[in-house]
Every structure is written in structure tokens, then in C-alpha cells.
There are 2 protein chains.
Amino acid sequence: MADSSAETKRTYRRGKIRDQNLERILGAAREEFVLKGFAGASIQAIADRAGLPKANVHYYFKTKSNLYVAVLEEIIILWNDHFDELRAEDNPAEVLDRFIRRKVELSYTHPQSSKLFAMEIIQGAPHLRDYLRNDLRPWMRKKAAVIEAWVAAGKMAPVDPYHLIFLIWSSTQHYADFEAQVLTILNRAEYERSMIDRIADFLSRSILAGVGLEAPR
Amino acid sequence: MADSSAETKRTYRRGKIRDQNLERILGAAREEFVLKGFAGASIQAIADRAGLPKANVHYYFKTKSNLYVAVLEEIIILWNDHFDELRAEDNPAEVLDRFIRRKVELSYTHPQSSKLFAMEIIQGAPHLRDYLRNDLRPWMRKKAAVIEAWVAAGKMAPVDPYHLIFLIWSSTQHYADFEAQVLTILNRAEYERSMIDRIADFLSRSILAGVGLEAPR
DNA sequence: TAAAAACCTGTCCAGTTGGCCAGTTTTTTG
DNA sequence: CAAAAAACTGGCCAACTGGACAGGTTTTTA
């Protein structure tokens with residue numbers, strides 16, 4: 001065959017190429033699924049975007065559905081990493097402020113993930129039923145208890161903790177999910193750091209004031 | 001014979017069936033598009049849901065794209081009907097309270113419309129660019145001016161009017177768009193009148209307090 | 001180094017879809 | 001009432017898609 005001596009400049013460690021390809025495919029799939037929806041995104045288009053032949057995508061993910069679920073699971077992991085921001089520390093204002101800012105930041109750094117998650121929920125969450133019931137609901141229950149404790153201790157105005165969290169979720173994720181609308185209205189091409197900071201300031205101040213707290217700093 | 005009204009081209013009985021069929025098709029299309037997305041919704045499925053043969057759908061709407069655009073236009077009209085709720089009346093608290101409640105009500109009565117609109121925006125608003133730029137942006141500018149006037153008159157806390165409206169939009173529409181998530185977390189099968197009222201109360205009170213106002217009543 | 005395991009891809013195929021068309025039925029018109 | 005227009009529909013098809021598969025290549029293992 002061909003000379004095979006000094007051409008091993010690339011280290012063919014098992015798993016390295018695999019991880020790289022998986023990453024490429026998952027990234028490409030995320031984009032395509034957001035842009036075209038599940039049915040509208042073709043494996044061919046995903047493969048093209050990833051720079052791989054179509055059959056290779058099928059090698060890593062047996063079916064389109066599997067690939068879609070894998071993308072969603074990646075998102076869930078990302079979401080869960082930010083789950084425990086809301087702890088029963090001493091100062092509600094600080095905790096809520098930090099929670100809101102993390103959410104805004106996440107919308108800024110991972111807009112595609114937020115969008116795909118939103119689309120899945122809008123369509124009735126056919127692939128996330130179990131996640132919602134078995135993971136998200138228990139988490140909410142715990143966090144609601146924390147907020148209720150704050151209310152009981154007179155540390156903040158009496159509010160329904162569930163709706164407070166819905167308010168935080170919706171208002172923060174809005175800037176990722178409705179990016180096209182927000183940017184058009186504000187006549188901007190894309191988000192900038194300064195705009196994101198102002199959004200976080202505004203939301204933190206408004207929401208905290210809404211529950212009788214003053215934003216820190 | 002002695003037709004003096006040249007505009008009698010409009011037919012009575014024929015138009016009735018036509019309108020009825022159009023209504024059926026548009027309704028069926030709305031459901032299917034929300035459930036499966038644009039690419040995932042088949043004309044056959046829409047026809048079945050409407051109780052008509054597939055070719056009949058193509059008779060009313062030449063292409064799938066035309067049908068989709070027609071559904072979106074219906075939604076825009078619905079949205080615009082509720083546009084002028086925000087007027088520069090005397091009392092900001094009352095106006096904002098009414099605006100928030102209308103939005104919650106709209107989410108409750110027309111969840112599918114809200115969802116489809118959301119999906120379109122999430123996917124980059126390919127069919128709504130013109131609407132956002134030519135209709136929504138001017139409207140926002142006008143309403144922002146009203147809010148700024150209130151602020152200048154010391155009637156409410158100084159806030160960015162654009163982000164205030166984003167906050168109202170996002171928090172109210174959340175209950176329509178993320179219905180599957182909200183209901184799962186609250187362990188409910190569907191929304192009830194009382195729940196909607198509580199949501200409206202909560203959002204109105206929180207958001208108004210957030211801008212230094214007290215909700216009326 | 002040779003066998004085995006893992007990885008890669010060109011090619012083919014069956015199923016589905018949007019939408020066209022030609023022919024039929026119903027309604028309107030003169 | 002007859003002709004024309006509008007409304008309707010079954011059947012057809014070209015295009016595309018997910019995915020199977022067999023044969024090839026590269027890497028690991030013994």
C-alpha cells in the first residue's frame with residue numbers, strides 16, 4: 001500500500017475523532033432543528049453542515065429520532081447545570097438576583113438551545129414528558145418550598161412561588177427565543193454585551209421590586 | 001334584472017359554504033402546524049382534520065406555503081385587534097393592568113395562535129419580517145413614547161419602555177406557549193378559569209409593583 | 001504482523017409528500 | 001333553459017427522505 005511511516009501526525013486516539021464528530025453532528029443538528037423543525041430538518045442537510053457524508057451521521061445515530069433526542073438531552077444537561085442556583089441562603093434578594101442573571105446569561109450564550117427547548121414544549125413536549133414530570137417538577141417543588149419559607153419568615157412579599165419562577169423563566173428566555181422580534185423592534189443586528197447587562201439589570205430590578213425586594217449593589 | 005347594485009357579484013349562499021370551508025381549513029391547518037411544524041404538517045392530515053378531500057384544500061390554497069401564510073395573517077389580525085389597549089389615558093396603573101389582563105385572556109382563549117406565532121419567531125420569522133418592521137416596530141415606538149411621557153410626568157418609576165413591554169409580552173404569553181410545561185409542573189390537566197384569574201392578578205400586581213405602581217381594585 | 005474490532009461511505013430502495021390535471025358536479029348568468 | 005363559470009375531486013407522479021447494507025479503510029489488540 002502507500003507509505004505509512006511518518007504520516008501519523010494526527011494522533012488517532014480512539015474517541016478523539018469520535019467526540020469531535022459527535023460534537024459536529026450535534027451542533028449541526030441543533031442549528032437545523034431550530035431552523036426547520038424536526039420534520040423539516042433533513043439528515044442530508046445536517047451532514048452537509050457538519051461536513052460529513054450522510055451515512056456517517058447514521059453511523060453515530062441510528063435514527064433521526066435518536067439524534068433529536070440526543071440534542072435535547074444535551075440541552076437538559078446544560079439546563080440542569082444551572083438548576084441549583086436557587087438555594088435557601090440568607091438573602092432572597094441576592095439569590096434571586098443571581099438566578100435571574102444566570103438565566104439571562106444562558107439565553108445570551110446558548111440561544112439555540114433555548115429555542116429548541118421552547119419549540120419542543122410548544123409542540124406539547126412529546127419527548128420531554130418524563131423529564132418534566134420526573135425531574136423538573138420535583139425541582140420546582142423544592143424551590144417553591146424555599147420561597148415559601150422566605151415568605152413565612154417575612155423576608156419578602158407573599159407570592160405564589162410557582163408563578164414567580166414562571167415569571168423569571170419567561171422574561172429571561174424571551175430574549176433568546178424571540179430574538180428575531182426583539183432585535184427587529186430595537187433595530188439592532190445582534191445582541192451586544194452592554195445590552196445584555198442592561199436587560200439583566202432591568203429584569204432583576206423589576207422582578208425583585210415586584211416581590212417587595214431591592215436588587216443588591 | 002334591474003340590478004342597480006353592481007357589487008352584487010358577492011354571492012350569498014355560495015360564499016357561505018366557501019367561508020365555512022375556509023374556516024375549517026384554516027382551523028385545521030393551525031392545529032396541524034402547531035403540532036407538527038410547517039414541514040411536518042401534511043396537507044392530507046389538514047384535509048382529514050377539516051373533513052375535506054385533499055384536492056379541495058389545494059383548490060382554496062394553491063400551495064402549502066400560501067395556506068401557512070394565511071394562517072399567520074389571521075393571527076396578525078387577531079393580535080392587531082388588541083393593539084390599542086395601551087393608550088395614554090390618565091392612569092398608568094389602570095392602563096397597564098388592563099393591558100396585562102387582555103394578554104393573559106388572549107393566551108387563554110387563543111393558545112394555538114400564540115404558539116404558532118411563537119414558533120415562527122423562534123425560527124427567525126422568515127414570513128413575518130415585514131410585519132415586525134412595518135407594523136410592530138412603529139406601534140412599539142408609539143407606545144414607548146406614552147410610557148416615557150408617564151415617566152417624565154413622575155407617574156411611574158423610570159424604566160425602559162421597550163423592556164417593560166417585552167416583560168409583559170413574555171410573561172403573559174408564557175402560559176399559552178409553555179402550557180405543557182406549566183400544566184405538568186402544576187399537576188393539572190388543563191387551565192381553569194380560576195387559575196387564569198390568579199395568574200392575571202399575580203402578573204398585574206408583580207409587574208406594576210416592579211415599576212412603582214399599585215394594581216387597581 | 002495478523003486477526004479482530006471499530007469506523008467510514010457509496011449506493012440503493014421503499015414510503016411519503018406536494019401539487020397537477022382532467023373530468024365531473026353544482027351554481028350563476030343571460 | 002342553455003351556456004358558462006365556479007366549485008369540487010379521484011387519480012397520478014416526480015421529488016425527496018430516512019435508513020439499510022455491504023464492502024472498504026483505519027485502528028487496536030494479541
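Each chain gets a letter, A, B and so on, in the order its sequence line appears, and its residues count up from 1.
- The stretch residues 43-61 of chain A comes close to DNA chain D through A/Ile43, A/Lys54, A/His58, each having a heavy atom under 4.0 Å from the strand.
- A close approach under 4.0 Å does occur between a side-chain nitrogen or oxygen of B/Arg18 and OP1 or OP2 of D/dA7.
- Using bins of under 30°, 30° to 60° and over 60° for the plane-to-plane angle, the ring pair B/Trp79/B/Phe117 lands in the tilted bin.
- Here the OG atom belonging to A/Ser114 is positioned 15.0 Å from the OH atom belonging to A/Tyr108, to the nearest 0.5 angstrom.
- Distance A/Asp19 CG to C/dA6 P: 16 Å, rounded to the nearest Å.
- The distance from atom CD1 of A/Ile17 to atom C1' of C/dA6 is 12 Å, rounded to the nearest whole Å.
- Of the possible polar contacts, one joining the B/Lys64 side chain to the B/Ala41 backbone as a donor-acceptor pair under 3.5 Å is found.
- Mapped onto DNA chain D by nearest heavy atom, A/Lys62 and A/Gly40 fall at different nucleotides, with A/Gly40 at the one closer to the 5' end.
- The distance between atom CD of B/Glu32 and atom P of C/dG18, rounded to the nearest whole Å, is 11 Å.
- Among the protein residues, B/Ala41 comes within range of the sugar-phosphate backbone only, with heavy atoms under 4.0 Å from sugar or phosphate atoms but none that close to a base.
- With hydrogens and angles ignored, the 3.5 Å screen pairs a side-chain donor or acceptor of B/Ser171 with a backbone N or O of B/Leu167.
- For the segment residues 64-73 of chain A, the set of residues with a heavy atom within less than 4.0 Å of an atom of DNA chain D comprises A/Lys64, in numerical order.
- How far CD1 of A/Ile25 is from CD1 of A/Ile43: 9.5 Å, rounded to the nearest 0.5 Å.
- Of all non-hydrogen atoms in B/Gly37 and B/Met119, the two that sit nearest each other are CA-CE, 4.2 Å.
- With hydrogens and angles left out, the side-chain atoms of B/Glu179 and B/Tyr191 include no donor and acceptor closer than 3.5 Å.
- Distance alone, capped at 3.5 Å, places no donor-acceptor pair between the A/Ser107 side chain and the A/Tyr175 backbone.
- Using a 4.0 Å cut-off between charged nitrogen and carboxylate oxygen, B/Arg101 and B/Asp201 count as a salt-bridge pair.
- Counting only Watson-Crick and G-U wobble pairs whose two distances sit under 3.5 Å, DNA chain D takes part in these stems of three or more pairs: C:1-30 with D:1-30.
- The distance from the NE2 atom of B/His163 to the CD1 atom of A/Ile199 is 5.0 Å, given to the nearest 0.5 Å.
- A/Glu120 places a side-chain N or O within donor-acceptor distance of the main-chain N or O of A/His127, the cut-off being under 3.5 Å.
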